[in-house]
Every structure is written in C-alpha cells, then in structure tokens.
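First up is the structure itself, then whatever we jot down about it.
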Amino acid sequence: MFVSKPDDIKVEEWSTKLSTNHILVSLIDMNETKSGQKLCTACARENETESAFSWCVNCSEALCNTCDRYHRKTKATKSHKLVSIDDHETNDIPLKFADVFCTEHPEKRIKAYCNDHSAVCCMTCVMLKHRKCDNVGSIEDAAEEMKQSDEVKEFEDKLKDFKTSLETFVQNRVDNLQNLDRNIKRIKLEVDTLFKELSKRLEELKTNVMLEIAKIEKEVKPEIEDECDEMKSKIAAVDNSVALFQTNMKHAPPAQFIQAMEKLAEQKTFLENYLKDQSRKIKDIEVTFNRNEKILEIRNVIQEFGKLNVSRLDIDVMLHPTVDMSSVEPILSSEVEIGFDLEGVTLFRNKNVVLSCEKTIELRDPECRSVLSSLLLPKRPCGLKMISDTEGAVAVGGYGLIIFKVQNNQIHKVSEIQADVNYDFVYHKGRYYIGCGNKICIYNRNNDNYSRISEISVKHKVGYMALRDDSSLCYTVYLGHSMHCVRMDGTPMFTYSSQDLRCTIGVTVDRTGFIYVCGCNSRNVHQLSQEGKLQRFILNNLTAGPNCITFNARGDEVVIGCNGKVLLYTLK
C-alpha cells in the first residue's frame, strides 16, 4: 500500500504523523520472538540492545530481565500479564492487542464512535466535538455492527478476489514464458532445417541468427519474469492483508478493528487500481520468424536467414470477478439489420466482428455496420471461431474447414481441412474437433498440415459445438430441442432439454463456466450452470430468433446473430 506525501511537509516530519498499526507491530514482534531474534522493545526505544526475557500480553512488547522487574512493580502495569519468551514461542498464548489512544488526546483511550462523522473518539472528544451529534455510541457496539455488515463480508471476499486476479496474471506470465520457449524451439528447428539445405557457406548467417535469438531470450524473458515476480509480491501482500483482516475479526478490540479496516480499505483501493492498470499495461511477448523464401534460389547472394520479430500483444486476462454472470443483465448496445440469416459470429480483440453468411465470411467494424473485407467460400458457411489473435476457421457444411487470417483488416485464406463437417467445430491444444454425422472427428495440426488421428462416437448428429474449461464438449442437436455435454473421450456428462427450447442452433460457454444455448424458434437464450441445470433465460422474447452467440475475451460483451440481425450487448 502507498500513501502520498503532502507537498507542504518534509518527509521526516510527515512520517512521524502516520499512526502506528499496533496489530502489525504486534505480529512482527511475535514473529521475531519466535525466530529467536527479539530484543527488548523498551530498551530499543532508548537505542539499547538487550535480549528479551518475557512478553507482555497487554502491551504486546518484549521485555528484558530488568524491564520485566520494573513492569511488575509499576502501578500502571503491575496487573499486566507477563509470560516467558519460551512460553510465548510455543504459540499457546493467544494474541492480544494494545489499547488504542486518541490522536487528539494521546493520554485518552478510544471509547466511542460517532456515526454522524464516521469517527472514533475518546470521551474528551465526545464532550468537545460530538456532544451535539445524535448517533454517538460505544466503540464495542460500532465494531460489532461493522463486523456483521455486508460490507465487511464483501471486503474479505474482495481480498480473495484480488489474490485470484494476481494469480491469474502470474499464470498468464508463466504461460507466456512456455509459449515463448515453444516458439523459440520451433524457430530453431526451422532455422536448423534450412541450414541443412544450404551449403556450408551459410554457416556464418546461421550463427548470426542464433545469436540474435539468444539475445532476444536474454532480453525478453527476464522482462516477463520481472512481471511475474511483481505479481507474486502483490499476492504476498494480499495474503498478509487477509491474515491481518482475519486476525482483526477474531481478536482486535473495537477501535483497533476500525482503524485497521480503514487502512485495509486504502489498500483495497490501491489493489483495484493496480489490477486495472496491469490489465492494460501487460503485453504478451511473441517471437516470430519470417523466412526469406529466396534463400534456396539465391544461395550465393543471400545475406540473412530471415527476420526475427518480437511483438508485445495486449492480453485478455480476466479480473476476478468481472461481472456476476448469474444475475447480470444484458444491455442492448447495437442492433444492425443485415438482410440475411447468420449462422456464425466471432469477435476480434480490437472488437471487430466476423460473420459467416451466404457464401462469404465478412469482417466488420465494432458496430457491425461497415464491411471491411470479405472472403468468398465454396459453399454456405456455418460455425465460425477464432483460434488465435489473428487466425480463425469457418465450417463449410459437407466441405470442411477453411482456415483464414486477418491482417490489416483484410481476410485471406491460409489452408483448409477436408472433412464431411455437419455445422461446427472446436479447437483445443493444436487439435480440431469437427462434428461429422454422429461422430466428432479429431484432426491434429502440424504447422499448416492436418491429419485425422481419431474420432468420438456420440448418440446424435452433432450440431453446433462449444469447448468447456474442464476439457469437455457441449453440442446441440441442430434444429432440435436439446444440448449435450460429453468428455473428450465421448463419455456422456449430462443432457439439457426443455419445452421452452425450440430449434436449437448455437451454443457457447463463458469464462465463468456458464453455458448458453440458442433457441431459434423459442426466441430465447438459455443460461445453464456448469452442471447443465437451467439458471435463467439471459434473453427472452427476442424480436428475431437467435442462431449463434459468442462473448468477447473479457466476458463483458456478447454478440448474437439472428435471422437478419446482429445484436450486440454489454453486460453490467
């Protein structure tokens, strides 16, 4: 947590005005005591070093032998509970907290809380500043009310959400490192293959490019590791806050509890801003290699193997939670008449929309009004999905899959998979799972080559498909009344059907695990739990029957393709 220094005060003077966090000091003292490092707290204030002999539970301080004797004799402290350092280290003594004193009247203990001013106060403050206030009560009642409030409970959940978000960032960094290693390994293999096809005269060129790769590894990977380390440090800070919060909830006296909550609230705001900033700031680093295609033709004049490019790409790390999908309401942000039925739709990171319609796929602007480019297909297209930031695929019934790329707002075909596809497919870890009749055929991807490696038999003709996070598949019975979920080996998990679901087509899964099924004739979208139970109708009584549905990467926008319309919703 960071606190800004006022401009009109020196650092030394300003730091002395910051209030002491007695709970944190107590925890530090206890930790040092248990690690055998603790010195007498009283002597330390006089710049003296004496080993601790005992621990005062009331003051939360370690005492040397001499200070222990005076502590027992002094009238103000003779009733305090003192335990030996050895007993303290066994952790059998419950943590106690020191009294909290008023900042205005340091000799007075905090005894009351003014609800009108949201301020803790001693009895002198009550008499001088709050005697006309209507809502002044005991600090005990105020603390108890705060402990029972929804805000405190939500605060604990928020701390846990912060940790989850930070762990998500860390996992993203780890994944990026692994992808970077795989890309570099692939590039090295490609470079090595090229080298074997060339004469020994290209040895120097190979050496140059390998040195460049090594330089990139040396310069780029530490950058990601530093981001990982920073996120991990924030996780540790959140863990400390959770521990501090839970300790306060159990043991802190009222005034100490309220003061600690004020400090933790500041840290909550900082973490919220930090997470939002990191979600915009972090960039995925990608290394690509563009081979010089003339290298095999002009061996004697070529000067290099190719160009290595390091890209920093925006990432779509979801903060936890983004929106509560169990209750969030879609707000229509755009409705566009397009004049033809849609059976496939997907979203780019830059919010451009890709539609499959007629015999083309179209790239449109974020409002879905302007056609930026299009790609002609051999037959009418169906299911459509993005499989990377720039690459996608569309299912063409009875023909196969067309793999395409989008660069500079232009769509162009890359390759194709010949398969007797029904309507749709999913892509998972380098493999395409394609619905073919009553089977899901699995094709392995190796660069731009595809080979059928196995198949999964199911009970129905596979309609539209969606991949779940637990590596299982959902598929609809096209124009039927049901949706089915199976594991990757074909083992059935559950089936959903309803009299309110008529003419099923599209299906998708959001990042929190909810499943969404389009009922074209029932003109609604069914939201299902991860177990396949109806949660609610996220959209009902639509003006046009929904055929396809997809979410953006962050999960806070959804686009639906209908009969002749494209509907874009914001989730809030």
Side-chain angles (χ1 to χ4, degrees), residues 150 154 157-158 161 165 272-273 275-276 279-280 314-339 341-355 357 362-370 372 384-386 464 466 483 498 500-501 504-530 533-572:
D150 292 337
E154 291 173 0
D157 293 337
K158 197 68 176 179
D161 289 338
S165 294
E272 285 177 333
N273 294 333
L275 290 172
K276 290 179 182 178
S279 66
R280 296 188 298 266
D314 289 333
I315 64 171
D316 288 312
V317 173
M318 182 179 69
L319 302 183
H320 293 263
T322 49
V323 291
D324 182 3
M325 295 304 299
S326 64
S327 60
V328 66
E329 293 300 327
I331 300 174
L332 185 65
S333 57
S334 179
E335 180 176 341
V336 181
E337 294 277 357
I338 56 174
D341 292 348
L342 293 179
E343 292 206 42
V345 62
T346 190
L347 292 169
F348 269 85
R349 179 175 291 170
N350 63 6
K351 297 186 178 182
N352 283 346
V353 183
V354 181
L355 309 175
C357 50
E362 293 182 351
L363 175 67
R364 295 195 170 212
D365 67 358
E367 295 294 325
C368 208
R369 300 185 185 279
S370 300
L372 304 178
L384 173 70
K385 291 179 175 67
M386 295 305 299
Y464 276 66
M483 186 277 302
S498 170
D500 295 317
L501 180 66
T504 55
I505 302 183
V507 60
T508 192
V509 179
D510 70 29
R511 296 187 67 169
T512 58
F514 286 108
I515 306 165
Y516 302 82
V517 188
C518 293
C520 183
N521 287 353
S522 52
R523 295 192 177 185
N524 53 21
V525 177
H526 295 229
Q527 182 190 55
L528 311 182
S529 67
Q530 296 184 28
K533 305 297 183 182
L534 178 64
Q535 181 81 20
R536 61 182 175 135
F537 298 118
I538 187 173
L539 293 166
N540 205 5
N541 298 320
L542 291 167
T543 58
N547 296 330
C548 47
I549 179 172
T550 189
F551 287 83
N552 68 348
R554 293 189 62 82
D556 55 6
E557 292 182 343
V558 61
V559 59
I560 297 176
C562 299
N563 295 331
K565 291 183 178 181
V566 177
L567 307 177
L568 289 95
Y569 292 88
T570 299
L571 304 178
K572 293 184 179 179

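Counting only heavy atoms from C-beta outward, the side chains of T550 and K385 never approach each other to under 4.5 Å. I560 is not listed as a side-chain neighbour of C548, based on a closest heavy-atom distance of 4.5 Å or more. The closest side-chain heavy-atom distance from E557 to K351 is below 4.5 Å. Using a 4.5 Å cut-off on side-chain heavy atoms (C-beta onward), L347 and V353 make contact. Two residues are said to be in side-chain contact when any heavy atoms from C-beta on lie closer than 4.5 Å; S522 and D500 fail this criterion. Taking the side chain as every heavy atom from C-beta outward, K565 and L542 never approach each other to under 4.5 Å. Side-chain contact between L539 and P330: present, with at least one pair of heavy atoms (C-beta onward) separated by less than 4.5 Å.
Under the salt bridge (Lys or Arg N to Asp or Glu O under 4.0 Å) criterion, R364 pairs with E362, not counting sequence neighbours.
N524 and P546 get closest at one heavy-atom pair: O-CG, 3.5 Å. Residues Y464 and V507 approach most closely at O-CG1, 3.5 Å, considering heavy atoms. Counting all heavy atoms, side chain and backbone alike, C368 lies closest to L568 at CB-CD1, 4.3 Å. When all heavy atoms of S165 and L275 are compared, the closest pair comes out as CB-CD1, 3.8 Å.
Here the straight-line distance linking atom CG of L528 with atom OG of S498 works out to 9.5 Å at 0.5 Å rounding. Atoms CG and CZ, from N540 and R523 in turn, are 11.5 Å apart once rounded to the nearest 0.5 Å. In this structure, the separation between CD1 on I338 and CG on L355 is 5.5 Å, given to the nearest 0.5 Å. Between C520 atom SG and N547 atom CG the span is 4.5 Å, to the nearest 0.5 Å. A distance of 6.5 Å separates CD1 in I538 from CD1 in I549, rounded to the nearest 0.5 Å. L534 contributes atom CG, which lies 11.5 Å from atom CD1 of I515 (distance to the nearest 0.5 angstrom).
Here the two rings, on Y516 and H526, have centers that are 6.0 Å apart or farther.
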The test is side chain to side chain contact (heavy atoms under 4.5 Å, CB included); show your working for M325 and R511 and say whether it passes. CA-CA 9 Å; M325 295 304 299; R511 296 187 67 169; over 6 Å; no
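Listed for the Q527 side chain is no donor-acceptor partner under 3.5 Å among the backbone atoms of S327. When atom types are taken as modelled, the side chain of S529 and the backbone of Q535 share no donor-acceptor pair closer than 3.5 angstrom.
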